[in-house]
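Here is the structure we will look at, set down as structure tokens.
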Amino acid sequence: KVTADVDLIKKKYQELGYMEATVGQPRTEEFVRRSVLFKKQKMMRLVFPVTPGYLYRTGEIKLEGSKALNLKNLRNLVRLKTGEIYSTKDREKSVDDIGEAFRDGGYVYAQTIPVENLDPKNKIVNVTFNINEGEVAFLNRLEFRGNIYTKDKVIRREMILREGDRFSLSMFKNSILRIKQLGLVDLEKDPDIKPNPDDPTKMDVQVNVKEMQRNNIQFTAGYSGYEGTFVAFSYSTVNFLGAGETLELSLQQGKLVKNYSFGFTEPYLFDKPITAGFNIYDRK
């Protein structure tokens with residue numbers, strides 16, 4: 001693990017602006033320590049010789065290669081600021097943010113390569129972000145697996161993306177969030193996204209889901225001064241016929257009270273975003 005620690009220490013110094021930091025060969029020193037019970041323990045001290053070097057600041061920042069997205073807008077995604085301490089951590093976050101912007105536009109193969117040019121005289125780092133957009137990717141085929149009871153169209157209608165649309169990563173993430181908020185199914189694992197073997201610009205997606213508990217049954221019996229002795233039964237489901245319908249049935253029979261109710265709600269009437277329902281009850 002020592003070799004890995006050397007790399008991590010050097011990386012940490014570069015995150016703080018010490019671009020020429022070096023970590024020498026670690027050495028060990030043996031010593032004896034007395035424990036609480038006055039027992040001698042042989043210990044080993046590990047020493048990392050570090051030469052931090054000079055502190056570097058951010059110089060000129062350039063972005064090259066983008067045609068689909070405005071360079072001025074992309075410049076706002078760069079976390080490095082001219083004159084401030086240069087940080088490789090901010091550089092990598094800038095690369096991630098730029099890549100995210102392209103993936104949101106369907107450029108799933110976009111690559112951003114930062115090229116650093118150190119100026120030892122002025123102690124600044126000039127950095128150029130070279131962008132290779134690649135080709136636009138489209139959603140080719142969308143499949144759902146694991147929905148045994150819930151109908152496919154119920155999950156599919158929550159997708160903002162449609163087959164044939166540009167594969168926007170942000171729209172896909174929002175679609176997955178909408179599926180979770182349905183309350184009918186949950187994700188079994190992360191969606192499987194892979195390019196089509198015949199055309200890498202077409203993405204095939206498989207969403208693996210699992211059914212959630214949909215039924216609730218209750219039976220109670222008791223006595224109160226107002227209701228007397230009674231028995232009650234209730235049943236409710238949030239996915240009655242597999243299309244997200246809500247059904248509620250409640251029966252209460254007693255010496256002084258008789259309550260009956262039945263309700264049904266259809267969330268997508270005629271497969272359109274129109275909610276319709278009714279409730280019938282009789283109370284004595």
Side-chain angles (χ1 to χ4, degrees), residues 7-8 10-11 14-15 19 56 58-82 84 86-119 124-145 152 155-180 187-209:
D7 294 336
L8 289 173
K10 183 178 180 180
K11 180 181 178 181
Q14 291 178 341
E15 288 179 358
M19 299 301 294
Y56 277 74
T58 306
E60 186 180 12
I61 302 173
K62 293 182 180 180
L63 288 91
E64 297 178 352
S66 173
K67 297 179 180 179
L69 300 183
N70 188 285
L71 288 175
K72 185 177 180 181
N73 295 334
L74 290 175
R75 181 65 178 80
N76 295 329
L77 299 177
V78 178
R79 305 195 180 196
L80 298 168
K81 304 296 180 184
T82 301
E84 294 183 357
Y86 188 82
S87 171
T88 55
K89 186 176 181 179
D90 288 341
R91 179 202 66 195
E92 291 305 313
K93 287 182 178 179
S94 301
V95 170
D96 293 339
D97 291 343
I98 293 172
E100 189 82 6
F102 277 95
R103 287 188 288 273
D104 288 346
Y107 294 89
V108 297
Y109 298 110
Q111 292 182 327
T112 304
I113 302 174
V115 179
E116 297 171 333
N117 183 18
L118 272 65
D119 184 350
I124 60 174
V125 180
N126 300 314
V127 58
T128 301
F129 293 92
N130 292 321
I131 301 170
N132 181 15
E133 297 173 344
E135 296 186 53
V136 179
F138 298 86
L139 178 59
N140 180 51
R141 183 163 180 79
L142 177 64
E143 292 183 346
F144 298 97
R145 299 284 180 88
D152 189 87
I155 308 175
R156 189 175 294 270
R157 67 193 179 199
E158 298 301 320
M159 294 290 299
I160 305 173
L161 285 174
R162 295 289 183 264
E163 292 174 338
D165 292 349
R166 280 194 178 203
F167 189 78
S168 168
L169 187 62
S170 61
M171 292 178 67
F172 180 74
K173 289 181 178 178
N174 289 335
S175 299
I176 295 300
L177 181 61
R178 286 164 58 95
I179 291 175
K180 290 181 178 180
L187 256 62
E188 182 74 28
K189 58 181 180 179
D190 291 336
D192 185 15
I193 305 172
K194 56 185 178 182
N196 187 280
D198 300 326
D199 187 352
T201 63
K202 296 181 179 180
M203 310 301 292
D204 294 330
V205 178
Q206 180 177 302
V207 181
N208 299 283
V209 300

side-chain contact (heavy atoms from CB on, under 4.5 Å) involving Asp97 - partner list, sequence neighbours excluded: Leu77, Arg79
Residue pair Asn196, Met203: steps toward the side chain to side chain contact (heavy atoms under 4.5 Å, CB included) verdict: CA-CA 6 Å; Asn196 187 280; Met203 310 301 292; over 6 Å; no
Could you check whether any side-chain heavy atom of Ile113 comes within less than 4.5 Å of a side-chain heavy atom of Asn132, counting everything from C-beta outward? no
Show the nearest heavy-atom pair for residues Ser66 and Leu74, with the distance to one decimal. OG-CD1, 3.6 Å
Is any side-chain heavy atom of Ile131 less than 4.5 Å from a side-chain heavy atom of Phe102? yes
Quick one: list whatever passes ring pair (Phe, Tyr, Trp, His ring centres under 6.0 Å) with Phe129, sequence neighbours left out. none
Pairing residues for Arg157 by the salt bridge (charged side-chain N to carboxylate O under 4.0 Å, His left out) criterion, not counting sequence neighbours: none
Show your reasoning for whether side chain to side chain contact (heavy atoms under 4.5 Å, CB included) applies to Thr58 and Ile124. CA-CA 5 Å; Thr58 306; Ile124 60 174; over 6 Å; no
Looking only at heavy atoms, the pair that brings Val108 and Ala137 closest together is CG2-CB, 3.5 Å
For the residue pair Val78 and Ile98, establish whether any side-chain heavy-atom pair is separated by less than 4.5 Å. yes
CD1/Ile160 to OG/Ser168 distance, rounded to the nearest 0.5 angstrom? 9.0 Å
Report yes if the side chains of Phe172 and Leu139 come closer than 4.5 Å at any heavy-atom pair, otherwise no. no
List in chain and number order the residues that pass side-chain contact (heavy atoms from CB on, under 4.5 Å) with Lys11, two or more places apart in sequence or in another chain; answer none if no residue qualifies. Glu15
Give, for atom CZ of Arg141 and atom NZ of Lys202, the distance between the pair rounded to the nearest 0.5 Å. 13.0 Å
For Tyr56 and Asp119, the nearest pair of non-hydrogen atoms, with its separation, is CE2-O, 3.7 Å
Val209 side chain near Val207 side chain, heavy-atom distance below 4.5 Å: yes
To the nearest 0.5 Å, atom CG of Leu142 lies from atom CG of Leu161 at 8.5 Å
Nearest heavy-atom approach of Ala68 to Tyr107 is CB-OH, 3.1 Å
Min side-chain heavy-atom separation Phe167-Asn140 under 4.5 Å: no
Does Glu116 pair with Arg91 as a salt bridge, N-O distance under 4.0 Å? yes
List in chain and number order the residues that pass side-chain contact (heavy atoms from CB on, under 4.5 Å) with Asn70, two or more places apart in sequence or in another chain; answer none if no residue qualifies. Lys72, Asn73
Quick one, Arg166 and Val136 - any side-chain contact, counting heavy atoms below 4.5 Å? yes
Listed once per pair and sorted, the salt bridge (charged side-chain N to carboxylate O under 4.0 Å, His left out) pairs that draw on residues 98-114, sequence neighbours left out: Glu100-Arg103, Glu100-Lys173
Can you name the nearest heavy-atom pair linking Met19 to Leu118, along with the distance? CB-CD2, 3.8 Å
Output all residues satisfying salt bridge (charged side-chain N to carboxylate O under 4.0 Å, His left out) with Glu133, sequence neighbours left out; order by chain, then residue number. none
With rounding to the nearest 0.5 Å, note down the distance linking CD in Glu92 to OG1 in Thr112. 10.5 Å
Show your reasoning for whether side chain to side chain contact (heavy atoms under 4.5 Å, CB included) applies to Arg75 and Ile61. CA-CA 9 Å; Arg75 181 65 178 80; Ile61 302 173; 3.4 Å; yes
Interatomic distance, Asn117 atom CG to Lys62 atom NZ [nearest 0.5 angstrom]: 9.5 Å
Provide the closest heavy-atom pair for Pro200 versus Tyr109 in the form atom of the first, atom of the second, distance. O-OH, 2.6 Å
Asp190 atom CG, over 12 foreign heavy atoms within 6.0 Å: no
For Arg178, does the CZ atom have more than 12 heavy-atom neighbours from other residues, nucleotides or ligands under 6.0 Å away? yes
Hits for ring pair (Phe, Tyr, Trp, His ring centres under 6.0 Å) against Tyr86, two or more places apart or cross-chain, chain-then-number order -> none
With sequence neighbours left out, write down each residue that passes salt bridge (charged side-chain N to carboxylate O under 4.0 Å, His left out) with Asp165, or none if nothing qualifies. none
Lys/Arg N to Asp/Glu carboxylate O, Glu158 vs Arg156, below 4.0 Å: no
For Val115, what residues pass the side-chain contact (heavy atoms from CB on, under 4.5 Å) criterion, not counting sequence neighbours? Asn130
Between Val127 and Leu80, is the side chain to side chain contact (heavy atoms under 4.5 Å, CB included) condition met? List the steps. CA-CA 10 Å; Val127 58; Leu80 298 168; 4.1 Å; yes
Excluding sequence neighbours, so at least two apart, what forms salt bridge (charged side-chain N to carboxylate O under 4.0 Å, His left out) with Asp204? none
So how far is it from Asp192 CG to Arg145 CZ, rounded to the nearest 0.5 Å? 9.5 Å
According to side chain to side chain donor-acceptor pair (under 3.5 Å), who are the partners of Asn208, at least two apart in sequence or on a separate chain? Gln206
